[in-house]
Amino acid sequence: MALRTAFAALALTALAAAPVSAQTIEQVIRSGADPAREAATEAAARHFYAFWNTGAPAELSAAIAPDFTDRTLPAGRPQGPEGPATASAAFRAAVPDLGVAIRRMVIAGDWATVHMVFSGHFTGAFNGVQGQGQPIEFIATDLVRVEDGRIADNWHIEDNLALLTQMGLVVPAEGAK
């Protein structure tokens with residue numbers, strides 16, 4: 001048990017020194033059942049969301065396993081590590097200043113549930129529509145499973161209706177709020 005606690009403390013110290021630790025997470029909740037395992041899960045998740053926050057390929061490489069599986073794969077997105085890279089590149093072409101703020105991260109063993117808010121300005125083009133600099137902000141929630149220190153599986157849901165409405169690609173029905 002002492003070795004596990006020492007490893008967890010070492011992992012958390014290393015995590016604190018890593019560039020991804022600069023990313024603000026409003027609240028991290030850990031089960032505490034296995035501190036070393038949860039430190040590895042948190043580190044992988046921090047790299048993954050640092051990738052979404054910056055688009056840095058090195059963060060994606062540090063975050064996901066070579067056999068990564070997107071369990072809620074959108075149509076047209078490749079499976080595996082190419083999927084998030086492709087999605088990020090396309091989205092950053094539309095919203096170059098894309099950022100993600102993590103509101104809550106709940107960690108239990110190899111699992112993390114992450115609630116976040118994406119924001120930026122639609123200044124590029126998306127689906128043939130040119131942005132006019134309008135602000136965008138929408139929520140997303142991920143459930144990730146970590147294996148050997150890297151994300152192996154991801155289930156995600158985004159408020160795409162809010163995003164597409166803000167981009168002007170969807171016009172709300174009259175009287176809708």
Side-chain angles (χ1 to χ4, degrees), residues 14-29 41-65 68-107 112-144 146 150-151 153-173 176-177:
L15 179 63
V20 294
S21 68
Q23 185 177 18
T24 302
I25 300 177
E26 289 182 16
Q27 184 178 32
V28 179
I29 301 164
T41 298
E42 183 175 346
R46 281 181 178 266
H47 281 293
F48 192 55
Y49 300 106
F51 162 72
W52 282 109
N53 196 45
T54 65
E59 296 291 1
L60 182 62
S61 293
I64 63 174
F68 168 81
T69 302
D70 184 336
R71 301 293 179 174
T72 47
L73 187 68
R77 184 181 298 173
Q79 188 57 270
E82 289 180 33
T86 299
S88 175
F91 201 43
R92 285 188 179 284
V95 184
D97 65 341
L98 179 68
V100 61
I102 299 172
R103 300 290 188 237
R104 205 161 280 100
M105 183 182 294
V106 180
I107 303 167
T113 301
V114 182
H115 173 68
M116 67 210 96
V117 177
F118 284 89
S119 61
H121 295 85
F122 181 31
T123 58
F126 186 78
N127 281 355
V129 174
Q130 178 62 46
Q132 303 301 311
Q134 61 267 46
I136 59 109
E137 183 175 290
F138 64 98
I139 62 170
T141 301
D142 282 357
L143 173 63
V144 299
V146 173
R150 293 168 84 190
I151 297 172
D153 296 289
N154 181 20
W155 293 259
H156 51 92
I157 187 166
E158 301 85 18
D159 186 354
N160 289 319
L161 182 58
L163 170 64
L164 296 174
T165 300
Q166 293 165 23
M167 293 175 117
L169 297 167
V170 171
V171 178
K177 294 185 181 188

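Each residue takes its place number in the sequence, starting with 1.
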Report the distance from atom [atom1] of [X] to atom [atom2] of [Y], rounding to the nearest 0.5 Å.
X      : Y      : atom1 : atom2 : answer
His115 : Gln27  : NE2   : CD    : 11.0 Å
Asp153 : Thr69  : CG    : OG1   : 5.5 Å
Phe91  : Ile136 : CZ    : CD1   : 4.0 Å
Thr54  : Leu98  : OG1   : CG    : 10.0 Å
Gln134 : His121 : CD    : NE2   : 9.5 Å

How would you list, by chain and number, every residue that makes a side chain to side chain contact (heavy atoms under 4.5 Å, CB included) with [X], sequence neighbours excluded?
X      : result
Thr72  : Asp70, Trp155, His156
Val144 : Tyr49, Ala112, Asp142, Ile151, Asn154
Pro96  : Thr123
Ala87  : Trp52, Arg77

Next item on the list: Answer yes or no: are there more than 12 heavy-atom neighbours, outside Glu82 itself, under 6.0 Å from its atom CD?
Entry: no

Note to self: How about CD1 on Ile29, more than 12 heavy atoms from neighbouring residues, nucleotides or ligands closer than 6.0 Å, or not?
What the structure shows: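 Enclosed: over 12 neighbouring heavy atoms sit under 6.0 Å from CD1 of Ile29.
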
Checklist line | Test log, rule side-chain contact (heavy atoms from CB on, under 4.5 Å), inputs Phe126 and Val95 | finding: CA-CA 9 Å; Phe126 186 78; Val95 184; over 6 Å; no

Over all heavy atoms of both residues, which pair between [X] and [Y] is shortest? Give the atoms and the distance, please.
X      : Y      : value
Ser88  : Phe51  : CB-CZ, 3.4 Å
Ala94  : Ala125 : CB-O, 3.5 Å
Ala140 : Glu158 : CB-CG, 3.8 Å

Notebook entry, point to check: Step by step, would you call Ile25 with Arg46 a side-chain contact (heavy atoms from CB on, under 4.5 Å)?
Noted result: CA-CA 9 Å; Ile25 300 177; Arg46 281 181 178 266; 3.6 Å; yes

Checklist line | Any residue meeting salt bridge (charged side-chain N to carboxylate O under 4.0 Å, His left out) with Arg104, in chain and number order, not counting sequence neighbours | finding: none

Exercise answer: donor-acceptor pairs, residues 160-167 side-chain atoms, under 3.5 Å, sequence neighbours excluded:
{"from": "Thr165", "atom 1": "OG1", "to": "Leu161", "atom 2": "O", "distance (Å)": "2.7"}
{"from": "Gln166", "atom 1": "OE1", "to": "Glu137", "atom 2": "N", "distance (Å)": "2.5"}
{"from": "Gln166", "atom 1": "NE2", "to": "Glu137", "atom 2": "O", "distance (Å)": "2.8"}

